[in-house]
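Below is one structure; the comments refer to it alone.
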Number of protein chains: 2
Amino acid sequence: MSHPKDSSRTGILVELPGSVTLDPDKAKHEQVRSRLIEVIMTMKTGDRLSPERELAAQFGVSRMTLRQAISSLATSGYVSRLQGAGTFVADRTISKNTELTGFSEDMSARGFSASSRLLKVSHRPAGAALGHELVLSPADMVYHIERVRMADGIPMCLESIDIPAHLAPGLDQQPLDQSLYEILATTYGIKLFEADQVITPTVVDQEQAGLLHVPVHSPALIVKRLAYDKKRRPIERAESIYRGDRYDIRLTVKRGAA
Amino acid sequence: MSHPKDSSRTGILVELPGSVTLDPDKAKHEQVRSRLIEVIMTMKTGDRLSPERELAAQFGVSRMTLRQAISSLATSGYVSRLQGAGTFVADRTISKNTELTGFSEDMSARGFSASSRLLKVSHRPAGAALGHELVLSPADMVYHIERVRMADGIPMCLESIDIPAHLAPGLDQQPLDQSLYEILATTYGIKLFEADQVITPTVVDQEQAGLLHVPVHSPALIVKRLAYDKKRRPIERAESIYRGDRYDIRLTVKRGAA
DNA sequence: TGCATTCAGAGGTCTAGACCTTCTATCACG
DNA sequence: CGTGATAGAAGGTCTAGACCTCTGAATGCA
């Protein structure tokens, strides 16, 4: 530390051609965010980013806009900031949860390849309880899907999903051994925004044990999820049972306000 | 909806004397945040807040500052925003997790009163594994604390905590049946900033079953936590076993960037 | 009656600074 | 050779607007 020369001091500087603004309709702070992620990927944990004022100049945006991008990265766990010292690349090997991800995305983030085995798919009335959760009348139809989700071919969880039929007509004809969130987004233009999850422990029964390839009464996690779109309309209700010996939930929690 | 009079239209307006700035050294956006929480507490789920421009004028701050406060509230789950429509009070009966809280705070947020039974407290060398986690040499001393945590007098979890001794000298003489985070903050001036948590399922053994008043082999959640201060120095290592029949973990996850 | 258009209002983005607080490397002093 | 003071640098806060985009209700036409 402390080469008197070198333009960016300890900060790793990457050649960034002129201002930003290549994408047309995206907000500047989002473009900056994407560019910063690219830069961060080339750096190591603990490396210091160039100072905000410098980055703002490089990207051709105001410092407030740049800070908006960096704040978002800090929330997502890419970097951590320290007043007076700098902004540093965070350890990306852990966590990253607290983000709504489907199983496929979750697994590839952990370095596995996700696959599925479809057990059941049906088109049926929601019924009272489920109808209430999805804000439907009990007679309204839903698609019900049950799958075994696998990571590198090893069973990881049993997934039971219900989606209001009117949102995704013909969903039961889709390739349901693939990422459901992908299908929802590309085929139906449905983008999930957030979800409420409840996590409880359980032990697997005989049928579940067989599907997951674990002994009966093994510990497991139940994750119940109700996913919404941006206007908080319920889109998906999922209940997943993860085997406890190969899966854990990791999250970084922060104190007080952001 | 649409009384031509009444200053705030559909927004619930609360008498707010002049500008803000009563607290001396806190940032304005934090003061505004606190005041907004008070206002929100008087409102119902789904109510619309007054428009940003109006609130900014009431509080005597710029709109950007007000927005910073509201953004923080949105992240914490107090409100949700909808472009073009307004900012609305969120359902506060669920979630609120994703915040680093001690057991005491967690329980009072759920409407229970927290208490403790101290099982063990000792002053001992960290040893290899724990020393590595807390970034200490194996010979460095730590305080080790084991407690049964109770909600309204009912055992909820077994807590096993280690804290580097040099950070909190005399910790074993403190009233450890109270909130540890409170003691750390007030007596030692240590403020936690964030923590990494790993959640796994398990079943309780005979000893744990006795302490928690549940049958042997009941499902339970193990929460391992490593808590850091703002400079990411490890402060506390905790491993808690929560009974699965009375406790669950709730969190709201969001998609993509913030 | 019903549907399309319009438009005011609400949140979203962005700027170009000014000033504050905290950290840390450095330098001078004992 | 510490050790404490210090100045520069880096993030944090705040402003006063300008303009954009989206929503939803009012309007008006068929």
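First the proteins, then the strands, lettered A, B, ... as listed; each starts at 1.
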Quiz item: Start at the 5' end of DNA chain D and walk down; is the nucleotide closest to H29(B) or to G84(B) reached first?
Solution: H29(B)

In whole angstrom, give the distance that lies between atom [atom1] of [X] and atom [atom2] of [N].
| X | N | atom1 | atom2 | answer |
| --- | --- | --- | --- | --- |
| L55(A) | dA10(D) | CG | P | 11 Å |
| L66(A) | dA16(C) | CG | C1' | 14 Å |
| F88(A) | dA9(D) | CZ | C1' | 12 Å |
| Q68(B) | dC14(C) | CD | C1' | 15 Å |
| E30(B) | dC20(C) | CD | P | 18 Å |
| D47(A) | dA10(D) | CG | P | 16 Å |
| F59(B) | dC14(D) | CZ | P | 14 Å |
| E54(A) | dA9(D) | CD | P | 11 Å |

Quiz item: Would a distance-only check, ignoring hydrogens and angles, find a side-chain to backbone donor-acceptor pair under 3.5 Å from Y78(A) to L36(A)?
Solution: no

Would you indicate, yes or no, if [N] has its OP1 or OP2 atom less than 4.0 angstrom from a side-chain nitrogen or oxygen of [X]?
| X | N | value |
| --- | --- | --- |
| T87(B) | dG11(C) | yes |
| K28(A) | dT15(C) | yes |
| R48(A) | dA10(D) | yes |
| R67(A) | dG12(D) | yes |
| K231(B) | dT24(C) | yes |

Which of the following nucleotides, [options], is nearest to the side chain of [X]?
| X | options | value |
| --- | --- | --- |
| E52(B) | dA16(D), dG11(D), dG11(C) | dG11(C) |
| A85(B) | dG24(D), dG11(D), dC23(C) | dG24(D) |
| A27(A) | dT24(C), dT13(C), dT13(D) | dT13(C) |
| M64(A) | dC14(D), dG11(C), dG12(D) | dC14(D) |
| P51(B) | dT24(C), dA10(C), dT15(D) | dA10(C) |
| S62(B) | dG11(D), dA16(D), dT21(D) | dA16(D) |
| R81(A) | dG11(C), dG11(D), dC14(D) | dG11(D) |
| R63(A) | dA10(C), dG12(D), dG17(D) | dG12(D) |

Just checking, is any N or O donor in the side chain of [X] or [Y] under 3.5 Å from an acceptor N or O on the other one?
| X | Y | value |
| --- | --- | --- |
| D172(B) | H123(B) | no |
| S62(A) | T65(A) | yes |
| R81(A) | T87(A) | no |
| E236(B) | Y181(B) | yes |

Exercise. Identify whether the distance between the nearest side-chain nitrogen and carboxylate oxygen of E194(B) and R232(B) falls below 4.0 Å.
Key: yes

Quiz item: Starting at the 5' end of DNA chain C, which residue's closest nucleotide do you reach first, Q83(A) or T65(A)?
Solution: T65(A)

Quiz item: Does a distance-only test, which skips hydrogens and angles, find a donor-acceptor pair under 3.5 Å between the side chain of R53(B) and the base of dG11(C)?
Solution: yes

Practice problem: Answer with base, sugar-phosphate or nothing: what part of the nucleic acid does L82(A) contact at a heavy-atom distance below 4.0 Å? | Solution: sugar-phosphate

